[in-house]
Amino acid sequence: MSFRLSKEARSYYGNINKATSINELETDWDKYYLSAMAGIKARSRVPDKEEPPAEQQFVDYVIQAYEDQKYEIYGSLIVAEIDRQGIPWGQKEEIRQLMLSLLDSESNTRLSEEGTRALNCYAEKGARLIRSEIRPQPELDQFLKEYYELLETLN
């Protein structure tokens, strides 16, 4: 299963890159990460049926620049799913089963199909939150300032 970023999210971030005179969001993973972290922080994801379609995939592995952070991302995903599903923290077996459903030590990303789908759904919801709360086409420095402020207000 692959990581997916919707056309709308790509367009939004592309407009930020066009408006920026210095630096830019260099990779689709940068855009995906910002979106996923917003969705995870909000503990909100789109339903599975609203996951971006397969043709909107951008890669089926974690790029080198994010390799060292992937387990922090996955840990955040697991915590968000525990909270979203209302699993009490004392329910160790239920949490273990959730983790087993999201992770797969045999896959190149270490996420199962279910885990990748969940992360894609958090990223899509995060992208929608960002587009609704941060004005279109700010320069990157202004976008990052507003993104930080948005994260401070979530959950």
Side-chain angles (χ1 to χ4, degrees), residues 1-89 95 98-99 102-103 109-112 114-155:
M1 184 133 190
S2 57
F3 298 107
R4 302 173 184 180
L5 192 62
S6 68
K7 293 182 298 188
E8 296 81 8
R10 289 173 201 247
S11 175
Y12 177 86
Y13 290 119
N15 287 334
I16 291 171
N17 281 346
K18 287 177 191 171
T20 301
S21 54
I22 307 173
N23 295 329
E24 63 180 30
L25 296 167
E26 294 179 5
T27 69
D28 284 341
W29 245 104
D30 295 330
K31 302 162 191 172
Y32 184 83
Y33 173 80
L34 292 169
S35 298
M37 290 299 101
I40 287 171
K41 179 79 163 81
R43 299 295 194 259
S44 183
R45 58 183 257 195
V46 298
D48 288 353
K49 66 181 183 245
E50 293 181 34
E51 176 189 22
E55 59 270 7
Q56 293 177 11
Q57 73 180 11
F58 64 94
V59 71
D60 63 357
Y61 59 93
V62 177
I63 66 169
Q64 187 61 41
Y66 285 85
E67 187 65 31
D68 290 343
Q69 290 82 31
K70 76 179 175 187
Y71 294 113
E72 285 86 357
I73 297 167
Y74 300 168
S76 297
L77 169 66
I78 291 166
V79 170
E81 280 294 280
I82 290 168
D83 288 349
R84 189 184 69 81
Q85 293 183 26
I87 300 171
W89 282 98
I95 291 171
L98 173 69
M99 290 174 63
L102 297 174
L103 302 173
T109 64
R110 303 297 186 248
L111 285 175
S112 66
E114 183 178 339
T116 304
R117 180 176 303 106
L119 192 56
N120 286 339
C121 289
Y122 277 105
E124 180 59 23
K125 180 63 174 195
R128 291 177 186 183
L129 284 168
I130 290 166
R131 289 193 317 269
S132 72
E133 298 297 323
I134 300 175
R135 65 181 174 82
Q137 300 182 3
E139 287 203 30
L140 182 59
D141 59 343
Q142 182 63 33
F143 167 79
L144 292 174
K145 179 180 179 288
E146 292 180 38
Y147 175 82
Y148 175 79
E149 291 169 355
L150 173 63
L151 289 184
E152 289 289 301
T153 68
L154 296 175
N155 206 6

Does the side chain of [Y] come within less than 4.5 Å of [X]'s, by heavy atoms?
{"X": "K31", "Y": "R10", "value": "no"}
{"X": "E133", "Y": "E149", "value": "no"}
{"X": "L111", "Y": "F3", "value": "yes"}
{"X": "L5", "Y": "P52", "value": "no"}

Minimum-distance pair of heavy atoms, taken over all atoms of [X] and [Y]:
{"X": "Y32", "Y": "N120", "value": "OH-OD1, 2.7 Å"}
{"X": "A38", "Y": "L151", "value": "CA-CD2, 3.7 Å"}
{"X": "I16", "Y": "P138", "value": "CG2-O, 3.6 Å"}
{"X": "T20", "Y": "N23", "value": "CG2-O, 2.8 Å"}
{"X": "Y122", "Y": "E81", "value": "OH-OE2, 2.5 Å"}
{"X": "V46", "Y": "E51", "value": "CG2-N, 4.2 Å"}

Interatomic spacing from [atom1] in [X] to [atom2] in [Y] - rounded to 0.5 Å:
{"X": "F143", "Y": "I134", "atom1": "CZ", "atom2": "CD1", "result": "4.5 Å"}
{"X": "L150", "Y": "L144", "atom1": "CG", "atom2": "CG", "result": "12.0 Å"}
{"X": "L103", "Y": "L77", "atom1": "CG", "atom2": "CG", "result": "8.0 Å"}
{"X": "R45", "Y": "R84", "atom1": "CZ", "atom2": "CZ", "result": "4.5 Å"}
{"X": "R110", "Y": "Y71", "atom1": "CZ", "atom2": "OH", "result": "5.0 Å"}
{"X": "T109", "Y": "Y61", "atom1": "OG1", "atom2": "OH", "result": "12.5 Å"}

(request) Check the pair V62, I73 against side-chain contact (heavy atoms from CB on, under 4.5 Å), reporting the backbone distance first and the verdict last. (result) CA-CA 11 Å; V62 177; I73 297 167; over 6 Å; no
(message) Do T27 and Y66 pair up side chain to side chain, a donor and an acceptor below 3.5 Å, judged on atom types alone?
(response) no
Ionic contact status for [Y] with [X], cut-off 4.0 Å:
{"X": "R117", "Y": "E114", "result": "no"}
{"X": "R4", "Y": "E124", "result": "no"}
{"X": "E50", "Y": "K125", "result": "no"}

(message) With side-chain contact (heavy atoms from CB on, under 4.5 Å) as the criterion, how do I95 and I82 come out once you've worked through the C-alpha distance, each side chain's angles and the decisive distance to 0.1 Å?
(response) CA-CA 7 Å; I95 291 171; I82 290 168; 3.7 Å; yes
Check for a donor-acceptor pair, side chain of [X] on one end and backbone N or O of [Y] on the other, with a separation under 3.5 Å.
{"X": "S76", "Y": "E72", "result": "yes"}
{"X": "S2", "Y": "Q57", "result": "no"}
{"X": "Y13", "Y": "L25", "result": "no"}
{"X": "K41", "Y": "L154", "result": "yes"}
{"X": "S6", "Y": "A9", "result": "yes"}

(message) Applying salt bridge (Lys or Arg N to Asp or Glu O under 4.0 Å), can you list everything that pairs with E24, at least two apart in sequence or on another chain?
(response) none
(request) Using a cut-off of 6.0 Å, state whether more than 12 heavy atoms not belonging to Y74 lie near its atom OH. (result) yes
(message) A quick test of your reading: do over 12 heavy atoms of other residues, nucleotides or ligands sit less than 6.0 Å from CD of E26?
(response) no
(request) Go through the steps to decide whether L119 and I40 satisfy the test side-chain contact (heavy atoms from CB on, under 4.5 Å), and finish with yes or no. (result) CA-CA 8 Å; L119 192 56; I40 287 171; 3.9 Å; yes
(request) Please work out whether the ring planes of W29 and F58 are parallel, tilted or perpendicular, with thresholds of 30° and 60°. (result) perpendicular
